[in-house]
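Both counts, for ligands and for their atoms, begin at 1 and track the order of listing.
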Amino acid sequence: MAVTDTDVIIVGAGPTGLALACGLAAAGTPVRVLDRAEGPATTSRANILHARGAEVLARLGAFDGLPEQAVAPMGIRMHVRGRLITTMRFAPDEREVVQALFVSQAAVEHRLRDRLAALGVEVEWGRTVETLGQDAHGVTVGLAGGGYARAAWLAGCDGSHSTVRELAGIGFPGVPVVERFLLADVHADGIADRQDSAGWLHRDGILMAMPMSDPSGNLWRLMADVPDDGRRLENDEIVRRFEELLPARADISGARFGETVWTSVFRIQRRLADDYRRGRVLLAGDAAHVHSPLGGQGMNTGIGDAENLAWKLALVARGAASDTLLDTYAAERRPAAADVLRRTTANTRLLVAEGRLARAVRDHVLVPLMNLPSVQHRATRIASQLSLSYRAGPLGGRGRAPRPGDRVRDRPVRRADGTSSTLTRELGPRWVMVGRIDGPHDQLLAAFRRALPTAAVSAAADQARDGGPAMLVRPDGHLFWRGTDPEDLQRRLRRLVPAGDTAPRRPPV
Ligand SMILES: Cc1cc2nc3c(=O)[nH]c(=O)nc-3n(C[C@H](O)[C@H](O)[C@H](O)COP(=O)(O)OP(=O)(O)OC[C@H]3O[C@@H](n4cnc5c(N)ncnc54)[C@H](O)[C@@H]3O)c2cc1C
C-alpha cells in the first residue's frame, strides 16, 4: 500500500474513534479510520448510554433510531440476602430534554458508522497499526502485512491495550480493583421481572441481572464477582456458574437458561494515562482510561473525549488555531476521567464489600440510604455526566452560572430565519451565539467571524429568555464566553488562535 497523506488518522473504530471521526468529518477535516478487526463487533458490551452520551450523539447527528432499540427499565432493585431493600430509580430530571437509554454498544457503534458513511468516510477494517514514528510535520504508522499510512495528526482510540499509547511511550499506571468478574448475555426465563434491573448483595459477592433489548423479550446480562482460582473458564462453565449463583446469592431457583449470546471473564482495573498527548499523537477513550464497568461510564467518557477533541483538532489540523489548543483537551478531559475512576472504584469496592464490617455498612447503612429521593437524584445526576464542567480548566472562567466551561443545557431556540430548533440541533460542528437576534448580536457574530473565519457559527434566540448578555456556546455544548462587547469576545477568541485564523475555508458538512 502506498503512503497516503491525510489530516488525521484514527486508530480504532470503537465508539470513541467513530465519534471522533464523525466530529472531524462534519467539520470538513479529511480523516481515515483504521481498525485491526475484520469487521464491526456484534457483541453488546456497554449497555447504558447515559444522558450526556445521548446528548453527544445527538450533536454528532448519530442519535436518531437509538430510542427505538432501547429497553424501558431505568431502575435497579437492590436486595440484601434475597430481601428487597431499595429500588434505585434513574429518575428523569424534568429540567433536561435528554435522558439515558438502555441500549447496546453494538447499536451505538452501528449508528455512528451510518453517520460517518453519510459524511463520506468508511472504516478501513483489517488494518493493524504496528509501528509509529513522528517528525515535525506528521506521524507515519506501519501496518501489519506491510504498508504505511501518514497523517499530520494521529488519534489512538485503540482501547485499553492501546498499541498507540505504548508506541508513543505514554505510561498507563493503575491498580486492579476486582480480580475476577464473570459476565454472560444469555436468554433465560424465571430470573426476575423485567421492569427493572436487579442486584443481589451477598456475603460471597454481588450478582446483577439487567434486562437487555431483544425481540425475544428474555435476554439478560448477568454479572458477578467470583474468586480467581487461576483456571480459564469456557462459555458453558460461565453459564453454569450463573445457574449456581442465582440460588446461592439471590434465592432464585428454577431459572431456565436458553441460548448464550456472549460471555466474558475480566479483571476490573483502574488506570489513567500519564498524558493524553505526545507531540502529534493523541489518546482518547479506553486507550486513555479504564475503570470498573459498574455504573456504565466507559463508553460515555470515551465519546465525551472524542467530542471535546474533535472541534479543537479540526481547527488545529487546518491551521486555524495553534497546536496549544490541543493541550486544553487533556487539561479538560483528564480530570474528568480521574473523577470517573475515583467514583467507579469507590462504588465497586462498596458493592463488592470485602470483610464483615464493610458488608455490614453496605447492607444496613448505604443500601437503605439509596431509598432517599435526594440520594437517588444525586446518584443519577452524577452518573449522567450532565454536571460535568470545564470551568476550572484553561478555557474556564468566573462569574455567575453558567460560567465559561460549564455545560449549557439544551433549550428551544429560534433561528435567524424564524424557524424553531433546539440548541443541541444547532450545535455539532457549529458554534452557536445564543441571544437576541438583532443589531448588537450581528456585531458579536462579525467579531467571531473576524477571529475565526473558517469556523461555522450560527445565531439562535433563546425562546425562553429575552435580553441579557449573549452566550457563545462551543461545538461541544460548553459555554465559551458570555457578554455584550464584541471587542472582549474577539480578545478571548484571539487567545484560542494566536496565529490568527487564515486557513483556507473547508466548509463543514
Ligand atoms: C462488561 C462491560 C460492560 C460495560 N458497560 C458499559 C456501559 O454500560 N456503559 C459504558 O459507557 N461503558 C461500558 N463499558 C465500557 C465500554 O465498553 C468501553 O469503555 C468502550 O468500548 C471503550 O470504547 P473505545 O472506542 O475507547 O475502545 P474499544 O471499544 O476497545 O475500541 C478499540 C478499537 O481499536 C481497535 N484496535 C485495537 N488495537 C488496534 C491496532 N493496533 N490497530 C488498529 N486497530 C486497533 C479494536 O479492534 C477496537 O475496534 C463496559 C465494558 C465492559 C467490559
Side-chain angles (χ1 to χ4, degrees), residues 9-21 32-54 56-57 70 90 100-109 112-113 123-132 141-145 149 154-168 178 181-185 197 208 210 212 221-224 262-269 271 273 283-306 309 337 340-341 344 348 383-385:
I9 288 176
I10 295 171
V11 185
T16 307
L18 291 168
L20 178 59
R32 289 179 66 185
V33 185
L34 313 178
D35 197 294
R36 71 176 172 201
E38 287 307 318
T42 52
T43 52
S44 57
R45 293 150 297 142
N47 62 355
I48 307 175
L49 182 67
H50 282 293
R52 185 187 174 92
V56 173
L57 292 184
F90 285 95
L101 291 182
F102 266 83
V103 69
S104 82
Q105 182 169 334
V108 169
E109 289 172 359
L112 281 164
R113 278 194 308 274
V123 175
E124 299 174 44
W125 299 107
R127 297 241 190 272
T128 305
V129 168
E130 286 189 332
T131 64
L132 183 159
V141 289
L143 304 174
L154 183 94
C157 304
D158 49 344
S160 55
H161 300 288
S162 170
T163 306
V164 170
R165 186 185 63 230
E166 204 178 308
L167 293 171
V178 177
F181 236 85
L182 302 185
L183 176 151
D185 288 352
S197 295
M208 312 275 296
M210 285 156 263
M212 296 181 74
R221 162 154 307 167
L222 302 177
M223 289 171 79
W262 181 51
T263 65
S264 178
V265 180
F266 54 95
R267 187 184 200 203
I268 296 184
Q269 311 228 32
R271 293 184 181 278
L283 296 180
D286 275 17
H289 41 75
V290 288
H291 50 80
S292 168
L294 298 182
Q297 299 287 304
M299 175 175 71
N300 289 275
T301 309
I303 57 182
D305 291 347
L309 179 57
V340 169
L341 260 66
T344 52
T348 303
S384 75
Q385 299 194 5

Say whether Met223 and ligand 1 are in contact under the criterion: heavy-atom distance to a ligand atom below 4.0 Å.
no

Roughly how far, to the nearest 0.5 Å, is the CE atom of Met223 from the OG atom of Ser197?
11.0 Å

Does some non-hydrogen atom of the protein lie less than 4.0 angstrom from atom 1 (C) of ligand 1?
yes

For atom 5 (N) of ligand 1, closest protein heavy-atom neighbour
Ala46 CA, 3.2 Å

Have a look at Gln385, Met299, Arg36 and point out the one with the heavy atom closest to atom 11 (O) of ligand 1.
Met299

Starting from atom 18 (C) of ligand 1, find the nearest protein heavy-atom neighbour and note its residue, name and distance.
Asp286 OD2, 3.4 Å

Test side chain to side chain contact (heavy atoms under 4.5 Å, CB included) applied to Val123 and Leu18, step by step
CA-CA 9 Å; Val123 175; Leu18 291 168; 3.7 Å; yes

Nearest non-hydrogen protein atom to atom 25 (O) of ligand 1, with distance, is Thr16 N, 3.0 Å

Polar atom proximity, Phe266 to ligand 1 (N or O, under 3.5 Å)
no

Gly302 near ligand 1, heavy-atom distance under 4.0 Å?
no

Starting from atom 20 (C) of ligand 1, find the nearest protein heavy-atom neighbour and note its residue, name and distance.
Gln105 NE2, 3.8 Å

For ligand 1, is there an N or O atom under 3.5 Å from any N or O atom of Pro293?
no

To check your reading of the model: name the closest protein heavy atom to atom 36 (N) of ligand 1, its residue, and the distance in Å.
Asp158 CB, 3.8 Å

For atom 49 (O) of ligand 1, what's the nearest protein heavy atom and its distance?
Asp35 OD2, 2.6 Å

With a 4.5 Å limit on heavy-atom distance, are the side chains of Val129 and Asp158 in contact?
no

Tell me the protein heavy atom at minimum distance from atom 30 (O) of ligand 1, and give that distance in Å.
Gly159 CA, 3.6 Å

Between the CZ atom in Phe102 and the CG atom in Leu49, the distance rounded to the nearest 0.5 Å is 11.0 Å

Determine whether any heavy atom of His50 lies closer than 4.0 Å to an atom of ligand 1.
no

Hey, does Pro15 sit under 4.0 Å from ligand 1 if you only count heavy atoms?
yes

Any idea which protein heavy atom is nearest atom 31 (O) of ligand 1, and the distance to it?
Gly14 CA, 3.6 Å

For Val129, the atoms of ligand 1 under 4.0 Å from one of its heavy atoms are 40 (C), 41 (N), 42 (N), 43 (C)

Pairwise distance CE(Met210) to CG(Leu183) - rounded to 0.5 angstrom
7.5 Å

Ligand 1 and Ile48, any nitrogen or oxygen pair closer than 3.5 angstrom?
yes

